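Before any comments, here is the structure.
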Amino acid sequence: MKNNAFRILVTFFPLAIGLILLVIYAITFNKHLLYAIGFCTGLSAVFLLATILSFIMKKKFLMKKEFDERQLKNRGDCFSISFFVLITCLFLDGLVRYILEYDWSNYLVGIAFWILLSIGVFAILAIWKDAYTNVGANKIHFGIYLIGISLLDLALGVINGIRMGFLENGQIGTCFINLFSGLIIFIIALNLFLKAARERKDDFVNEELKTEIC
């Protein structure tokens with residue numbers, strides 16, 4: 001229950017801020033507020049999509065067993081690290097944009113990049129800390145599912161890039177959101193396969209040791 005309340009708060013808090021800024025813009029017509037409104041709306045949309053995908057994956061893959069206390073602790077540690085990565089990336093991105101005055105992308109694309117990167121950091125750390133999937137989940141099947149999603153995302157990115165251009169006014173186009181997302185998901189899937197292979201190897205070694213002892 002607390003976890004669901006936190007997700008709802010994280011999803012709708014930036015949307016509420018965006019609505020407040022929209023009211024202020026309607027009063028003042030300050031064009032600088034449009035960037036902040038777009039950022040808040042986009043951030044809320046990304047969190048909502050992540051929540052929906054998390055719910056779907058949990059229903060399909062993670063219902064066999066719940067996470068134990070060790071896994072929950074490890075997940076919390078991974079979340080803290082990924083959140084620090086996100087804040088650091090946003091800070092550095094702000095320095096590049098406003099101090100060096102180099103807009104390498106529009107603001108929404110940049111925010112999406114750093115959110116996807118932080119999600120990738122969380123997932124990879126959680127995989128190797130045995131906190132990404134529970135004990136009852138099949139890592140190979142889950143990895144194959146992620147590979148399919150990543151290939152679809154990459155294909156959409158290429159198609160959008162061909163149709164609308166990979167660069168927009170000298171900046172990285174929105175198609176790179178799909179390309180970067182597909183790449184991150186693909187890397188997560190590879191780590192799942194590597195983790196599953198390592199677990200099988202460890203199980204084989206343990207079985208050999210048991211056999212020798214007997």
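This structure is a prediction, so every number in the text was calculated from the model and none was measured. The analysis underlying the following values was restricted to heavy atoms, covering all of them including side chains, and did not include hydrogens, waters or symmetry mates.
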- Task: First locate atom CD1 of I185, then atom CD1 of I119, and finally report the distance between them rounded to the nearest 0.5 Å.
- Result: 9.0 Å
- Item | side-chain contact (heavy atoms from CB on, under 4.5 Å) evaluation trace for L179 with F166 | CA-CA 11 Å; L179 294 174; F166 290 94; 4.2 Å; yes
- Interatomic spacing from CG in L116 to CD1 in I184 - rounded to 0.5 Å: 6.5 Å
- Query: Would F186 end up clustered with I144 when hydrophobic side chains under 4.5 Å apart are linked, directly or stepwise?
  - Reply: yes
- Note on the structure: Closest non-hydrogen atoms of G157 and C175, given as atom of the first, atom of the second and distance, are O-CB, 3.4 Å
- Specify the closest pair of heavy atoms between A189 and G143, including all atoms of both residues, with the distance to one decimal. CB-O, 3.6 Å
- Task: Identify whether L156 and I162 are in the same connected component of the hydrophobic contact network (ILVMFWY, side-chain heavy atoms under 4.5 Å).
- Result: no
- Is N191 reaching over with its side chain to a backbone N or O of I187, donor-acceptor style, under 3.5 angstrom? yes
- L90 and I111, any side-chain heavy atoms less than 4.5 Å apart: yes
- Task: Sequence neighbours left out, what passes side chain to side chain donor-acceptor pair (under 3.5 Å) with S105? Give chain and number order.
- Result: R97
- Query: Is there side-chain contact between I188 and I127, with at least one heavy-atom pair below 4.5 Å?
  - Reply: yes
- Item | Residues that D103 engages under side chain to side chain donor-acceptor pair (under 3.5 Å), provided they are two or more places apart | none
- Message: According to ring pair (Phe, Tyr, Trp, His ring centres under 6.0 Å), who are the partners of W128, at least two apart in sequence or on a separate chain?
- Response: none
- Is any side-chain heavy atom of S82 closer than 4.5 Å to a side-chain heavy atom of L125? no
- Task: Kindly indicate whether the side chain of L95, heavy atoms from C-beta on, has any atom under 4.5 Å from the side chain of L100.
- Result: no
- What do the steps show when you test V23 against I27 for side-chain contact (heavy atoms from CB on, under 4.5 Å), and what is the final call? CA-CA 6 Å; V23 172; I27 298 173; 4.2 Å; yes
- Message: Atom CZ of residue position F193 - does it have more than 12 heavy atoms of other residues, nucleotides or ligands inside 6.0 Å?
- Response: yes
- Query: Less than 4.5 Å apart, any side-chain heavy atom of Q171 and any of V109?
  - Reply: no
- Step through it carefully: locate the ring centre of F113, locate the ring centre of W104, and say whether they are under 6.0 Å apart. yes
- Task: Please write out which residues are connected to F84 in a hydrophobic cluster, directly or through intermediates, given that two of Ile, Leu, Val, Met, Phe, Trp, Tyr count as joined at side-chain heavy-atom separations below 4.5 angstrom.
- Result: none
- D153: side chain to side chain donor-acceptor pair (under 3.5 Å) partners, not counting sequence neighbours: N178, S181
- So CD1 of I87 and CG of L92: to nearest 0.5 Å the spacing works out to 11.5 Å
- Between CG of L183 and CG of L117, what distance do you get to the nearest 0.5 Å? 10.5 Å
- Task: Dump the intermediate steps for side-chain contact (heavy atoms from CB on, under 4.5 Å) on W114 and D93, then the final yes or no.
- Result: CA-CA 9 Å; W114 307 134; D93 185 65; 3.3 Å; yes
- Query: From K73 NZ over to K129 NZ, what is the distance, rounded to the nearest 0.5 angstrom?
  - Reply: 7.5 Å
- Test ring pair (Phe, Tyr, Trp, His ring centres under 6.0 Å) applied to F176 - qualifying residues, sequence neighbours left out: none
